[in-house]
Amino acid sequence: MLVWLSGQASAAPLTPVETMSVEEAVVEALGHNLELLARRYEVPLARAEIVSARLRLNPTLSVGADHLDLLGTHYDNVNHAGPEEFFVRTDWLFRVGRKRQRRIEVAETGVAVAEQRLRDAVRRLVREVQRACVDVQYAAAAVELAKVHRDLYARVVALNEVRVANGDLAKVDLTRAQIAELQASNELRQAEGRSGSPATTWRCCSAAPSRRLRSPSRARCGPT
């Protein structure tokens, strides 16, 4: 049963991963980063505050009545009620002390602040994506270098085994070469483990888990 399950898992097709350059990664992050989208919505909200600040107070119309004979008791000398009273009144408030102008100035300042926050969010996001790109390329280069070192030490160990068999080299030197090979293999595992962190950082910035950066030979990290 386990063999059949492992065969089914190995036969399952792998999901293709689309690659992109650094410039494409920046564009992807600018279009899908949630924090940046929230910053963009702050600008129209701040502009709506300007519209609200420019509005003047509307006049108020009040209509009322008092001493109405709703119960049908009528007005006489016993209840001393009445007469009925009706009134109509309009109120129009005016703001003095340049309050309206100051509210407009505060709202305009809020728009400027929202726009500056948006620019700062774009700048920080581009920096994070480019930094993640550099980290991804550095991690890939470190893995390749660790593989070269491991292969070189493996060749040295194989050569030393032949020399020890022929009596041209002491066995202690072979042991030293084998220890160096183990250290190189350990460094390779560590490099492969560290290579996943920069890619995770980039995916968090760009919100594109199914895409990855191109290899160091194709990607170009530079100002966009």
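Here, residue 1 is the first one in the sequence, and each next residue gets the next number.
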Output a table of donor-acceptor pairs, distance under 3.5 Å, between side-chain atoms of residues 35-57 and any protein atom two or more places apart or on a different chain; print 'none' if there are none.
{"unit_1": "Arg39", "atom_1": "NH1", "unit_2": "Glu42", "atom_2": "OE1", "d": "3.4"}
{"unit_1": "Arg40", "atom_1": "NH1", "unit_2": "Leu30", "atom_2": "O", "d": "3.2"}
{"unit_1": "Arg40", "atom_1": "NH2", "unit_2": "Leu30", "atom_2": "O", "d": "2.9"}
{"unit_1": "Arg47", "atom_1": "NH2", "unit_2": "Glu115", "atom_2": "OE2", "d": "3.2"}
{"unit_1": "Ser52", "atom_1": "OG", "unit_2": "Ala48", "atom_2": "O", "d": "3.2"}

Report yes if some heavy atom in the side chain of Glu85 is under 4.5 Å from a heavy atom in the side chain of Phe87; otherwise report no. no

Check this for me, if you would: do Lys171 and Asp173 make a salt bridge, where the nitrogen-to-carboxylate-oxygen distance has to be below 4.0 angstrom? no

Worked check of side-chain contact (heavy atoms from CB on, under 4.5 Å) between Lys147 and Glu192: CA-CA 10 Å; Lys147 288 180 180 180; Glu192 291 175 346; 4.1 Å; yes

Taking the side chain as C-beta and beyond, is there a heavy-atom pair between Arg124 and Arg127 under 4.5 Å? yes

Should Val27 and Leu125 be regarded as members of a common hydrophobic cluster, given that ILVMFWY residues are connected when their side-chain heavy atoms come within less than 4.5 Å of each other, either directly or indirectly? no

How long is the gap from CG on Leu61 to CG on Asp91, to the nearest 0.5 Å? 9.0 Å

Given Arg103 and Arg100, is the side-chain contact (heavy atoms from CB on, under 4.5 Å) satisfied, shown in steps? CA-CA 5 Å; Arg103 289 184 61 185; Arg100 178 173 176 270; 5.7 Å; no

Rounded to the nearest 0.5 Å, the CD atom of Glu128 sits from the CD atom of Gln130 at a distance of 10.5 Å

If we only count heavy atoms from C-beta on, is the Val143 to Tyr138 side-chain gap below 4.5 Å? no

Determine all donor-acceptor pairs shorter than 3.5 Å in which one atom belongs to a side chain in residues 152-170; sequence neighbours excluded.
{"unit_1": "Asn160", "atom_1": "ND2", "unit_2": "Val156", "atom_2": "O", "d": "3.4"}
{"unit_1": "Asn166", "atom_1": "ND2", "unit_2": "Val162", "atom_2": "O", "d": "3.3"}

Do other residues, nucleotides or ligands put more than 12 heavy atoms under 6.0 Å from Arg117 CZ? no

